[in-house]
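Each ligand, and each atom within it, is numbered from 1 in the order the structure gives. Any value given below was found using the heavy atoms of this structure, including those in side chains, with hydrogens, waters and symmetry copies removed.
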Amino acid sequence: MDSDASPSRLTDRLGRPLRDLRISVTDRCNFRCSYCMPKEVFDSRHVFLAHKELLSFEEITRLARVFVAQGVQKIRLTGGEPLLRKDIEQLVRMLSTLRTPEGRTVDLTLTTNGSLLARKALALREAGLSRIAVSVDAMDDDIFRRMNDVDFPLADVLEGIDAASRAGFAPIKINMVVKRGTNDSQILPMAQHFRGSGAIVRFIEFMDVGSTNGWRMDEVLPSAEVIARIQERYPLEALERTETGETAQRWRYRDGAGEVGVISSVTQAFCRDCTRLRLSTEGKVYLCLFAHQGHDLRTLLRSGCDDEHIAAAVRHIWSGRADRYSELRSKGEPDPGSGARRIEMHYIGG
Ligand code: SAM
Ligand code: SF4
Ligand code: SF4
């Protein structure tokens, strides 16, 4: 190992440590949310990754072990729709055995659209998944079906959330992407439905990720407005952040009915604290959600090199990182990679 090998000292060019790893386990999804995989683009002509291109569970676990040795404390499984990956609970079981250099377990979480959760919740819990987040964009069934654009009923997702709760997941996070004029009428119904249930709704600003979702600033409803709308009905007070790198600002209902969060990726960039690295389904590492290019680790993995080689590559990649796209955008500064095609959300996960 070189002299800079200590995970606690692995920082990027802006002094940010590597703490969170998001692993996309599939680029496929059974939903076609317009903000992520619009139907017109992701139709029958779209070519998804072939099976041989995907990292196997053994390859994912091997890479994850290297990342954990370099400082990662949290792993989030995402996609596409992660529950579409066959035997995903097997991967959860493998990742749950990882330990940090200090001997602690890794916080292992998964984000899902909930469509298959009723069937999978218990197996995921038993395999060692620590936490779960479910995306729900409306409480009105018509709006919900329109948002997923495959006419999927809300009731099945709510059943999945109940199953997750019975399996012992708590608190369950509920993610709602808010698009002004499309589902902002659902902010209060969402707050109302999940208040007092133990679940935490997080309202996410519609982001300009990728280049296919037709993003427009006038469809972004700023988080401050989300909070103001909830406040009018249910008084809230701000909570302190519990950890650096936390993306959500947390608020508590004053009457004790739990909390909500807002993720203000557009109006209040949080790049300063961004400790996240993303691993794509085919083994490329991305340093930012808005990156244009990834670093290929699959070739290295399959070349027969040892873990120390891979660890050196990871240190090299992270220590060269200076990404802060959202911060630059909010200052009106140009994106250094503009002109190149950005990666898509369903490919890299949230
Ligand atoms: N399919 C799973 C799901 O929907 O939860 C996991 C993958 S999805 C890409 C991860 C998260 O990204 C979801 O909560 C989704 O709502 C969010 N997301 C996707 N596109 C987005 C966008 N343009 N702006 C903000 N959030 C987005
Ligand atoms: Fe699928 Fe999730 Fe993207 Fe919706 S947000 S299309 S559920 S990957
Ligand atoms: Fe992190 Fe990039 Fe998002 Fe900034 S824009 S918070 S650097 S992923």
Side-chain angles (χ1 to χ4, degrees), residues 12-14 16 18-20 22-39 41-42 76-85 88 109-117 132-138 144 147-150 152 157 160 173-179 182-183 201-216 219-221 223 245-248 263-266 268-278 281 286-292 321-330 335-337 342-350:
D12 70 7
R13 277 161 57 199
L14 303 179
R16 299 170 295 190
L18 170 59
R19 291 285 178 263
D20 308 89
R22 298 196 174 182
I23 303 176
S24 175
V25 293
T26 176
D27 60 337
R28 290 162 200 258
C29 188
N30 54 343
F31 283 13
R32 285 293 178 272
C33 310
S34 63
Y35 52 73
C36 177
M37 291 182 82
K39 220 178 195 164
V41 180
F42 298 95
R76 175 179 297 277
L77 298 177
T78 178
E81 174 45 42
L83 300 191
L84 288 181
R85 179 89 187 242
I88 182 74
T109 130
L110 179 143
T111 304
T112 171
N113 62 25
S115 57
L116 301 170
L117 193 53
I132 202 152
V134 186
S135 301
V136 182
D137 291 334
F144 184 80
M147 293 294 289
N148 64 56
D149 216 8
V150 292
F152 196 88
V157 173
K173 304 253 174 78
I174 308 290
N175 290 338
M176 171 181 176
V177 175
V178 181
K179 271 182 93 175
T182 305
N183 68 337
V201 183
R202 302 184 316 164
F203 300 90
I204 306 174
E205 288 178 350
F206 172 35
M207 280 188 283
D208 52 335
V209 62
S211 40
T212 59
N213 68 5
W215 184 86
R216 296 200 332 238
E219 287 186 310
V220 178
L221 188 87
S223 294
E246 191 170 62
T247 49
I263 301 183
S264 320
S265 347
V266 178
Q268 271 184 289
F270 36 75
C271 302
R272 285 275 148 216
D273 291 331
C274 182
T275 52
R276 288 178 292 284
L277 186 78
R278 293 171 161 90
T281 317
Y286 288 85
L287 295 169
C288 176
L289 194 50
F290 297 90
H292 301 270
R321 175 184 189 245
D323 301 64
R324 52 189 185 108
Y325 170 86
S326 291
E327 202 177 291
L328 293 177
R329 177 197 42 212
S330 58
D335 172 6
R342 292 205 296 244
I343 47 159
E344 295 292 332
M345 192 70 146
H346 73 100
Y347 168 77
I348 200 68

Looking only at protein heavy atoms, which one is nearest to atom 3 (Fe) of ligand 2, and what is the separation? Cys36 SG, 2.4 Å
Using the six-membered ring of Phe270, assess whether NZ or CZ of Arg324 lies under 6.0 Å from its centre and within 45 degrees of the ring axis. no
Pick one: which of Thr26, Thr111, Thr112 meets side-chain hydrogen bond (donor to acceptor under 3.5 Å, both in side chains) with Glu81? Thr112
Mind checking whether Thr78 has an N or O less than 3.5 Å away from an N or O of ligand 1? no
Taking heavy atoms and a distance under 4.0 Å, where does Glu327 meet ligand 3: side chain, backbone, both or neither? neither
Applying a 4.0 Å heavy-atom criterion (strictly less than), which segment of Arg278 is in contact with ligand 3: side chain, backbone, both, or neither? side chain
Using distance alone, determine whether Ser135 and ligand 1 share an N or O pair under 3.5 Å. yes
With a 4.0 Å cut-off on heavy atoms, is Gly79 touching ligand 2? no
The atoms of ligand 1 lying under 4.0 Å from a heavy atom of Gly80, numbered in the order shown, are 1 (N), 2 (C), 6 (C), 7 (C)
Looking only at distances, can you tell me whether any N or O atom of Cys29, backbone or side chain, sits closer than 3.5 Å to an N or O atom of ligand 1? no
Look at the rings of Phe31 and Phe144 and say which category their plane angle falls in: under 30° parallel, 30 to 60° tilted, over 60° perpendicular. perpendicular
Are the side chain of Arg22 and the backbone N or O of Gly79 linked by a donor-acceptor pair below 3.5 Å? no
Atom 4 (Fe) of ligand 3 reached by Cys274 (N, O or S, under 2.8 Å): no
Taking all atoms of both residues into account, what is the closest heavy-atom pair of Pro82 and Leu77, and its distance? CG-O, 4.2 Å
